[in-house]
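Structure, as structure tokens:
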Protein chains: 2
Amino acid sequence: MARWESGTQERLQRAALDLFAEHGYDGVTVAQIAAHAGLTERTFFRWFADKREVLFRGQEEFEQAFLTGMTAAPDGDAMSLAMAGLAGGAAPFTAERHPWARARQRAIDAHPALRERELLKLSALATALTGALTDRGVGPVPAALAAESAVVVFRTAFTAWIAGDGARPFAEVQAEVLAELHALLAAARA
Amino acid sequence: MARWESGTQERLQRAALDLFAEHGYDGVTVAQIAAHAGLTERTFFRWFADKREVLFRGQEEFEQAFLTGMTAAPDGDAMSLAMAGLAGGAAPFTAERHPWARARQRAIDAHPALRERELLKLSALATALTGALTDRGVGPVPAALAAESAVVVFRTAFTAWIAGDGARPFAEVQAEVLAELHALLAAARA
DNA sequence: CGCCTCGATGTCAGTCGCTGTCATGACTAC
DNA sequence: GTAGTCATGACAGCGACTGACATCGAGGCG
């Protein structure tokens, strides 16, 4: 209970996103972000490992949602299991969070350093999914393929969802993208 | 023709890989890499945008090989077109280059900063493939899915190839992984 | 041969990301 | 109220990276 002003990380994140939107990632120093949140540079680095990380708070919960979505699924083939995780992962992306997600993604897309970090987070997600699949007895190569495919579906759906106005539920977009992937591979088999 | 010692980038790359292998990425400064190649820090940054980039020379040629492999293919469905690029992309990975590729990958896997950069390069490859597919009339979502899937197949095959001793041709490993992906999605349809 | 151009390199100063260390101040527990 | 804990501040320092300017070596041209 907050001996000090609570929500330090969130304040820093908001300050960073605001400043990035206005001056660009390179045009903002960590000291400025911290000052904007009423803190010092040193404190920023106590809460975030580096300047990029400030836009990627709460990654563990997101990853966990994916994993629980998968472990909740009944046994099945590797790809179905991996795709079952998508349902859990879709939870945080509600219509009301759409504007925030959009602003954040805009900032990320604007700078390679932030895109790099996003890719690393998605890669970590794929690795976690792969591990969960091998724990269920799937071989390493099929597990990796299924996990990476699930992440591709997620990312593609997320891009489409962000491009829209948020009215369409994320889960719906994701189901559509998944169907499209199935259709594509079915066509290639012909 | 080399008024100065030629092969500057290559010398810097070799020096960096050697030093990273011995002292780790964080244990080596750019000044040390440059000195090891008989140059100064400032010159290093004239040839490479940053410290990480030194291990990713020749990315454009690699990407180009993928694209020409794809444009050489006859018309077909999106997924088949994307996978046609894999053949071209396999070219640089010969048995004789296996030791070098393995040492490089070992260094990359040892540090998140280098893994990030690798992911960014692969993402750029997927983007280029997506563009080439849309140029051929494929819709944006199927193009993105096919391109990302091709990259997933490539990366998975590369991991397996690196894990082996290089005796098996890379193209063969890649074909196997692709077949496995087809099998996985076919099973999920059932 | 001597002059000029040009591209690769060296030198230097400076900013910023990031870290280790120590001090301070607020709140809790006893 | 005294001690302990924890977020924070203050300060010094390293290394990545950049801009500006000087230098040096090779080739072109008289």
Side-chain angles (χ1 to χ4, degrees), chain A residues 1-20 22-57 59 107-108 110-118 120-121, chain B residues 1-57 107-108 110-118 120-121:
Chain A
M1 294 147 208
R3 304 177 232 215
W4 308 82
E5 207 111 14
S6 74
T8 307
Q9 291 194 47
E10 194 178 338
R11 268 162 49 218
L12 284 168
Q13 189 179 38
R14 287 218 161 264
L17 187 53
D18 288 349
L19 292 173
F20 290 168
E22 190 172 0
H23 305 106
Y25 180 81
D26 286 330
V28 178
T29 70
V30 173
Q32 288 171 342
I33 299 171
H36 206 260
L39 297 166
T40 62
E41 184 188 19
R42 191 64 186 90
T43 298
F44 178 99
F45 285 110
R46 285 207 182 86
W47 290 99
F48 298 103
D50 57 50
K51 184 180 174 184
R52 312 170 185 184
E53 204 67 20
V54 69
L55 290 190
F56 295 88
R57 202 172 44 108
Q59 192 68 19
I108 292 173
H111 202 287
L114 293 170
R115 286 202 13 85
E116 270 190 336
R117 182 55 50 87
E118 184 187 30
L120 190 65
K121 298 295 188 186
Chain B
M1 306 236 89
R3 302 177 233 215
W4 309 82
E5 208 109 16
S6 75
T8 307
Q9 291 194 45
E10 194 179 339
R11 269 162 48 218
L12 284 168
Q13 188 178 40
R14 287 219 161 262
L17 187 53
D18 289 348
L19 292 173
F20 290 168
E22 189 172 0
H23 305 106
Y25 179 81
D26 286 330
V28 178
T29 70
V30 173
Q32 289 171 343
I33 299 171
H36 206 261
L39 297 167
T40 62
E41 186 188 17
R42 192 64 185 88
T43 299
F44 178 98
F45 286 110
R46 286 206 182 86
W47 290 98
F48 298 103
D50 57 50
K51 185 181 174 183
R52 311 170 186 183
E53 203 68 20
V54 70
L55 289 190
F56 296 87
R57 203 172 43 109
I108 291 173
H111 202 287
L114 293 170
R115 287 202 14 84
E116 269 189 337
R117 182 55 49 85
E118 183 187 30
L120 190 65
K121 298 295 187 186

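Within every chain, numbering begins at 1; the chains are lettered A, B, ... in the order of the sequence lines, protein sequences first and strands thereafter.
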**Study point:** Residues within residues 29-54 of chain A bordering DNA chain C, heavy-atom distance below 4.0 Å
**Key:** A:T29, A:V30, A:E41, A:R42, A:F45, A:R46, A:A49, A:D50, A:K51
Review point. Rounding to a whole Å, what distance do you find between A:Q9:CD and D:dC6:C1'?
Key: 15 Å
**Study point:** Protein-nucleotide distance (A:Y25, atom OH; C:dC16, atom C1'), rounded to Å
**Key:** 11 Å
Taking only residues two or more places apart in sequence or in another chain, which ones pass side-chain hydrogen bond (donor to acceptor under 3.5 Å, both in side chains) with [X]?
X      : answer
A:R57  : A:Q13
A:R52  : A:E116, B:E116
A:D50  : A:R117
B:H111 : B:D26

Please tabulate, for side-chain N and O atoms in residues 29-42 of chain A, each donor-acceptor pair with protein atoms closer than 3.5 Å (sequence neighbours left out).
residue, atom, partner, partner atom, Å
A:T29, OG1, A:Q32, N, 3.2
A:Q32, OE1, A:T29, N, 3.0
A:T40, OG1, A:T43, OG1, 3.4

